[in-house]
Amino acid sequence: MCRHLAFLGPPTSLATLLAAPDHGLLRQSWSPRYQRNGTMNADGFGVGWYAPGDPVPARYRRAVPMWTDQSFADVARVTTSGAVLAAVRSATPGTTPDEAAAAPYASGKWLFSHNGRIDGWPRSAETLAATLSPARLLALEARVDSALLWALVLEQLDFSDSAGGHSPAEALARVVADASASSTGRYNLLLTDGTTIAATAAGDTLFWRSDNRGTVVASEPSDDGPGWHEVPDQSLLVATSHGVETSPIIPAEMEPAPR
Ligand code: GLN
């Protein structure tokens with residue numbers, strides 16, 4: 001995905017979040033302002049959101065540009081949520097073109113998106129792929145670098161669920177460290193469970209804004225209003241209802257990832 005966004009805050013319509021802002025994700029699908037790689041994001045889109053009382057998010061994904069989907073415009077107008085993850089896609093060559101490859105990817109309560117690429121995909125990703133079990137590889141959501149990174153993140157999250165070790169942010173940091181060690185690339189990851197957002201800035205732009213409308217973490221600002229903060233490259237971001245924190249991704253401080 002070439003531009004992505006996560007939101008936590010008071011119930012807000014998807015249209016208010018994605019379509020209404022002058023430079024929101026809808027506009028970014030044909031005219032992003034901060035995108036360094038690719039010019040538009042017309043290879044599909046996806047939105048995941050949480051409904052009250054249900055921990056498992058709903059997803060709406062298509063292989064068409066966001067601006068061509070009139071049905072989505074309707075759905076977005078009447079769907080409100082307090083936690084959303086959305087993305088518009090500029091497909092990396094050699095990857096699945098259909099909606100299965102459009103973020104957000106999902107598993108249980110999680111939604112995930114990747115803005116970037118593993119350079120030299122798929123050959124360069126063989127070492128990373130070899131760290132996963134055959135079961136995990138067979139369960140890949142699509143043949144795309146982002147789905148491989150998602151499988152690696154899930155491995156870390158499952159480890160954290162069983163051993164109580166790794167936070168979502170730590171899971172992302174470990175995967176960025178492992179991926180960067182095995183191949184050059186851009187690894188901006190975005191993960192939410194509906195109450196926390198974890199994100200990395202690793203090769204691409206990342207911004208956040210938090211005010212009475214809620215917290216937005218996004219590849220680029222949705223408008224020219226005040227309050228947007230740019231996240232330095234090689235940073236980890238965690239956002240909750242209590243605030244937003246950023247810190248450097250420091251691989252040296254981390255133990256080797258579990259295998
Ligand atoms: N590599 C991912 C894909 O093909 C994301 C692409 C991007 O960020 N431009 O979907």
Side-chain angles (χ1 to χ4, degrees), residues 1-6 18 23-48 59-67 69 85-107 110-129 132 137 140-154 172 175-176 178-180 182-192 198-207 217-221 231 233-235 237:
M1 290 295 144
C2 246
R3 301 282 86 178
H4 57 200
L5 172 151
L18 308 175
H23 297 278
L25 206 66
L26 173 61
R27 176 77 179 268
Q28 290 168 33
S29 62
W30 76 86
S31 180
R33 296 188 293 170
Y34 292 76
Q35 195 164 321
R36 303 182 192 130
N37 301 277
T39 51
M40 60 200 293
N41 301 291
D43 299 322
F45 71 95
V47 184
R59 280 190 297 172
Y60 184 105
R61 297 185 298 159
R62 299 294 308 278
V64 299
M66 191 187 253
W67 75 84
D69 189 337
L85 195 155
V88 291
R89 183 175 189 213
S90 168
T92 298
T95 62
T96 302
D98 61 51
E99 75 182 41
Y105 303 117
S107 178
W110 300 107
L111 291 172
F112 172 84
S113 169
H114 165 224
N115 169 197
R117 61 183 282 172
I118 299 176
D119 293 340
W121 165 267
R123 290 295 307 258
S124 60
E126 282 174 12
T127 314
L128 269 183
L132 288 171
L137 282 172
L140 277 197
E141 289 203 38
R143 216 168 48 238
V144 52
D145 52 359
S146 309
L148 178 65
L149 294 169
W150 173 221
L152 292 161
V153 169
L154 272 178
L172 295 191
V175 169
V176 171
D178 286 352
S180 309
S182 93
S183 169
T184 60
R186 290 177 276 112
Y187 301 109
N188 279 40
L189 310 180
L190 188 57
L191 177 70
T192 187
T200 59
D204 223 317
T205 55
L206 188 70
F207 291 79
V217 178
S219 305
E220 56 182 72
V231 180
D233 195 42
Q234 301 306 318
S235 294
L237 175 149

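All values below come from the heavy atoms of this structure, side chains included, with hydrogens, waters and symmetry mates left out. We count ligands from 1, going down the list as the structure has it; atoms in each ligand are counted the same way.
Contacts between R186 and ligand 1, counted as non-hydrogen atom pairs separated by less than 4.0 Å, are absent for every part of the residue. Contact annotation for S146 and ligand 1: only side-chain heavy atoms (C-beta onward) come within less than 4.0 Å of the ligand.
Between S219 and N188 there is no side-chain heavy-atom pair separated by less than 4.5 Å.
For R3 and D204, the salt-bridge test passes: some basic side-chain N is under 4.0 Å from an acidic carboxylate O.
Not a single heavy atom of G38 sits less than 4.0 Å from an atom of ligand 1.
At distances below 3.5 Å, not a single donor-acceptor pair connects side-chain atoms of R59 with backbone N or O atoms of G46. Of the possible donor and acceptor atoms, none in the side chain of R61 sits under 3.5 Å from a partner among the backbone N and O of A103.
Taking all atoms of both residues into account, the shortest heavy-atom contact from F112 to V153 is CE1-CG2, 3.9 Å. Contact detail for G203 and D233: the closest heavy-atom pair is N-OD1, 2.6 Å.
Side chains of R89 and T95: a donor on one and an acceptor on the other come within 3.5 Å.
Looking at S90 next to ligand 1, an N or O pair under 3.5 Å apart turns up. Checked by distance only, ligand 1 and V144 stay at 3.5 Å or farther apart across all their nitrogen or oxygen atoms.
Contact atoms of ligand 1 toward N115: 8 (O) (distance under 4.0 Å to a heavy atom of the residue). Set against the non-hydrogen atoms of H114, the atoms of ligand 1 under 4.0 Å away are 5 (C). Of all atoms in ligand 1, listed by their number and element, those nearer than 4.0 Å to a heavy atom of T95 are 4 (O). Each of the atoms 1 (N), 2 (C), 3 (C), 4 (O), 6 (C) of ligand 1 lies under 4.0 Å from some heavy atom of T92. For ligand 1, the atoms sitting less than 4.0 Å from at least one non-hydrogen atom of A91 are 4 (O), numbered in the order shown with element in parentheses.
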